[in-house]
Amino acid sequence: MNNQDIKDTIRMAADEIPVPDSLTPGEIEKKVKDHPQKHPRILFMNRRVLMAAASFLLLAVVGFGVLPKMTALFQGDSDEIVVTEEYVTETKESKSMPEDYEELCKHIKNRNQSRYYESFGSGGGAAADVAESSASENSLSDSIEYGASSSQTDTSYSETDLQVKGIMEADIVKTDGSNIYALSGMENGFRVRIYSVNGADVKKISTIQLKKSSCSEMYLEGKTLILLCTDWGSTDTGNEKQSATEDDYVTTCSDVYPTNQTTNIRFYDVSAPKNPRELRCMSQSGNYSTSRISGGYLYTFSNYYIYDSDLSTKELAKFVPRAADSYIPADKIRITSKDSTGYMVMTSLNISDPQDFTDSAALLGGGDTQYMNSNHIYTVENYYEKNTDKSIITKYTYADGHFTYNGKAKVRGSLGDSYYMHEYNNNFVFVYTNYSEKTDTTTNGLCVLNDKMELIGQIKNLGINEEIYASYFIDNMAYFVTFRNTDPVFAVDVSNPKKPKLRSELKLPGFSSYLHSFGDNMLLGIGNGSPYGNATDYAKLSLFSIDKNNTLKEIDTVFPRREYSTEHYADSNHKCVFVDEERRLVGFLLERPYENLPNTTDKHLGEYVVYKEKDGKLKEVLSCPLTMDLDETGIHIRGLRIGDYFYIVLPEKGKIKVYDMNTWKKAK
């Protein structure tokens, strides 16, 4: 980059980014060349219409390390990788920390409503605009027995697929090897059905019926069942016997707040699964978003919105979020967006003794998605500003249930979900999609931030006028897919982070909207394509090998049902896919769209299929027809393994199908 390029870049950036007066040209550092990275596997739907002509699979395989310390502003409209040599940081802590509730109240009252409502729920990519870092926490100025928490390692049964090893995730189906717990809520309210399991013998033994709550997912930790729910505004308390045919009891949580935005965390003793016993219900402000379990603590995230404009510090309930019956202290609240009136609320609970929250914190500015590893939590707010996508990424360190604020970075572009994010060697890596209304162009890229949330590396302008459909990280390798008519599959080596090297490039038809590691040196993709041309009406299963030089090669492709078009749910929720890397098994649901049925009386609307890999080839070992309307229930179907038996759980129908994995014949 020559001197004139640098001047032009700085001038362009200055039009959008306010630079603190304390910064001088002496703080400008050297440009850093781009870096490709890899990220997860989930279909990302931007608020703009997907480019109809698109389908370009891009697998960027990247290794990265620590680069020279610097922060930068990205310019996304040029074909050249441009890093403007300015370091922009927040110079006054008061910008992000109100001194007390009165200042917080004033901030909310002065908000820009139109900006706020546009910011929440916007889809998202990113190139860094601004970074703020803080090395220390800065303030805003209060005789039941539980099942032991367990980090399950018993390989006699499958567990919920995890993004980060050791960080447990919730789902709607759980097992301990002896019982299956299935959460449903499409028909007749939310409930958990509990089944005893002994090989082919499956028997429903009890049901937990929930009243006036919308339960999203759950955990099974030892003998404790934990349900994560959003309360519908009930004022009932305690347990109530029900008259319906579902057996056990109806349970509700007491209404703590004068609002229906309440996340309820319900603990049950299931040491006697036939008689589950509610132990405790903890509540926090906001609608349930997501959660994780790490080191024996449950971390719960919710989104809490302020709709009332008539605010007063005498009525904290109108604008301050709560954890249990206490307002979150002012010194635990951060303002990440000047115009937002929505909070991201996070709490921690010791699972072995959840009598009270261990800690709580809130971001006024919200958070659309969260990424969490064993040390850090990153929360992202996507929004739209000045004719382009932008995101604010906030970082916390956590330990033993306690949160410590680390800093934030404002970036251009938006991040679709947690699989767009990864941490490697204390560097935060993410992939993004960015739309510029000015140029009517969509681009994608990858960024690396150091432990102080400063930009140290990037690669951009990948997949012009496309969007990321899947992303997955494996250590220092990044894989991501964008959408166009053919799939260039790129392998990029950044062992030398200053000089990334393209190792291979493949061009394949179709695209993958789900990626997952599949044993040593293999990558699995589920997406769409066609065995008959460039159409994308058929579910597609791809297997890639990765050699020692990081060269990618597609070694097998399967279209499960060539005779008619099919759809799958892998791109909507990665937990819909059963993956057993040790046994080389992958299972998922295929659905046949209504319009492709021979006649309206045909009830064969889908099937659950399982494939096994051997010697680089995928072979179908199971096809289980499902004769039900899958439109609303398909995303809830799960496959799991206990011993030598495979179970297909249909929570909404209260059914479980069992197959012997030695023969793959139906056992029940």
Side-chain angles (χ1 to χ4, degrees), residues 93-109 111 116 120 134 136-142 228 230-231 253-265 281-292 297-308 311-337 340-350 354-367 370 372 377 379 381 392 394-406 408:
E93 285 301 333
S94 60
K95 287 185 178 181
S96 66
M97 291 182 318
E99 295 180 356
D100 50 33
Y101 289 138
E102 184 174 355
E103 184 178 343
L104 184 64
C105 179
K106 181 179 178 181
H107 171 88
I108 297 174
K109 291 176 71 172
R111 70 195 183 281
Y116 160 64
F120 276 89
S134 174
S136 62
E137 172 73 6
N138 294 304
S139 301
L140 220 211
S141 309
D142 260 300
L228 289 308
T230 296
D231 193 77
C253 236
S254 60
D255 213 14
V256 179
Y257 316 121
T259 175
N260 60 2
Q261 296 183 66
T262 305
T263 292
N264 290 326
I265 308 168
C281 178
M282 299 293 291
S283 300
Q284 66 188 67
S285 294
N287 302 313
Y288 175 72
S289 176
T290 190
S291 61
R292 297 290 188 272
Y297 287 84
L298 170 67
Y299 297 87
T300 305
F301 304 88
S302 59
N303 293 316
Y304 180 61
Y305 306 104
I306 306 301
Y307 299 106
D308 198 333
L311 304 179
S312 167
T313 52
K314 296 180 180 179
E315 298 178 278
L316 297 182
K318 287 187 176 183
F319 67 94
V320 180
R322 292 199 241 184
D325 57 357
S326 299
Y327 293 107
I328 294 180
D331 64 356
K332 301 295 289 187
I333 298 176
R334 288 274 174 166
I335 298 175
T336 60
S337 176
S340 178
T341 58
Y343 291 93
M344 188 281 294
V345 180
M346 58 183 179
T347 63
S348 61
L349 272 170
N350 187 334
Q355 299 298 318
D356 199 1
F357 287 111
T358 303
D359 199 4
S360 62
L363 294 175
L364 182 59
Q370 288 78 32
M372 181 172 172
I377 295 170
T379 184
E381 177 202 0
I392 296 174
T394 307
K395 177 183 178 182
Y396 283 85
T397 297
Y398 76 94
D400 298 326
H402 293 277
F403 305 113
T404 302
Y405 174 81
N406 289 149
K408 69 179 181 181

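Smallest separation of non-hydrogen atoms from L298 and L228: CD2-CD1, 4.4 Å. Of all heavy-atom pairs spanning N303 and G367, the tightest one is OD1-O, 3.2 Å. F357 and S283 get closest at one heavy-atom pair: CE1-O, 3.3 Å. Taking both residues in full, the closest heavy atoms of D400 and T358 are given as O-CG2, 3.8 Å, listed atom of the first, atom of the second, then distance. Counting all heavy atoms, side chain and backbone alike, I333 lies closest to V320 at CD1-CG1, 4.5 Å.
Remark: M372 CE to S291 OG distance equals 9.5 Å, nearest 0.5 Å. Expressed to the nearest 0.5 Å, how far OH of Y305 lies from CD of Q261 amounts to 8.0 Å. Distance check, rounded to the nearest 0.5 Å: OH of Y396 to NZ of K408 gives 10.5 Å. The CZ atom of F319 sits 10.5 Å away from the CG atom of L364 when rounded to the nearest 0.5 Å. The distance from atom CZ of F301 to atom CG of L363, rounded to the nearest 0.5 Å, is 10.0 Å. Expressed to the nearest 0.5 Å, how far CE of M344 lies from CD of Q370 amounts to 5.5 Å.
Among residues two or more places apart in sequence or in another chain, the salt bridge (charged side-chain N to carboxylate O under 4.0 Å, His left out) test is passed with E315 by K318. Every residue was checked against the side chain to side chain donor-acceptor pair (under 3.5 Å) condition with S360, not counting sequence neighbours, and none meets it.
In terms of modelled atom types and a separation under 3.5 Å, the side chain of K332 and the main chain of D359 share no donor-acceptor contact. Using modelled atom types, no side-chain atom of E102 and backbone atom of T313 make a donor-acceptor pair closer than 3.5 Å. In this structure, Y343 contributes its side chain and I306 its backbone to no donor-acceptor pair below 3.5 Å. Side-chain N or O atoms of Y299 include one that pairs as donor or acceptor with a backbone N or O of G401 at under 3.5 Å. No donor-acceptor pair under 3.5 Å is formed between the side chain of D231 and the backbone N or O of T262. For T379 (side chain) and T394 (main-chain N/O), no donor-acceptor pair under 3.5 Å exists by modelled atom type. The backbone N or O of T347 lies less than 3.5 Å from no partner atom in the side chain of T300, so there is not a single donor-acceptor pair. In terms of modelled atom types and a separation under 3.5 Å, the side chain of S285 and the main chain of P321 share no donor-acceptor contact.
Here the side chains of I328 and Y304 are not in contact, with every heavy-atom distance at 4.5 Å or above. Proximity of Y297 to Y398: side-chain heavy atoms (C-beta onward) are nowhere separated by under 4.5 Å. Considering only heavy atoms from C-beta on, L316 stays 4.5 Å or farther from R322 through its side chain.
With no hydrogens or angles considered, no side-chain donor-acceptor pair links N287 and T230 at under 3.5 Å.
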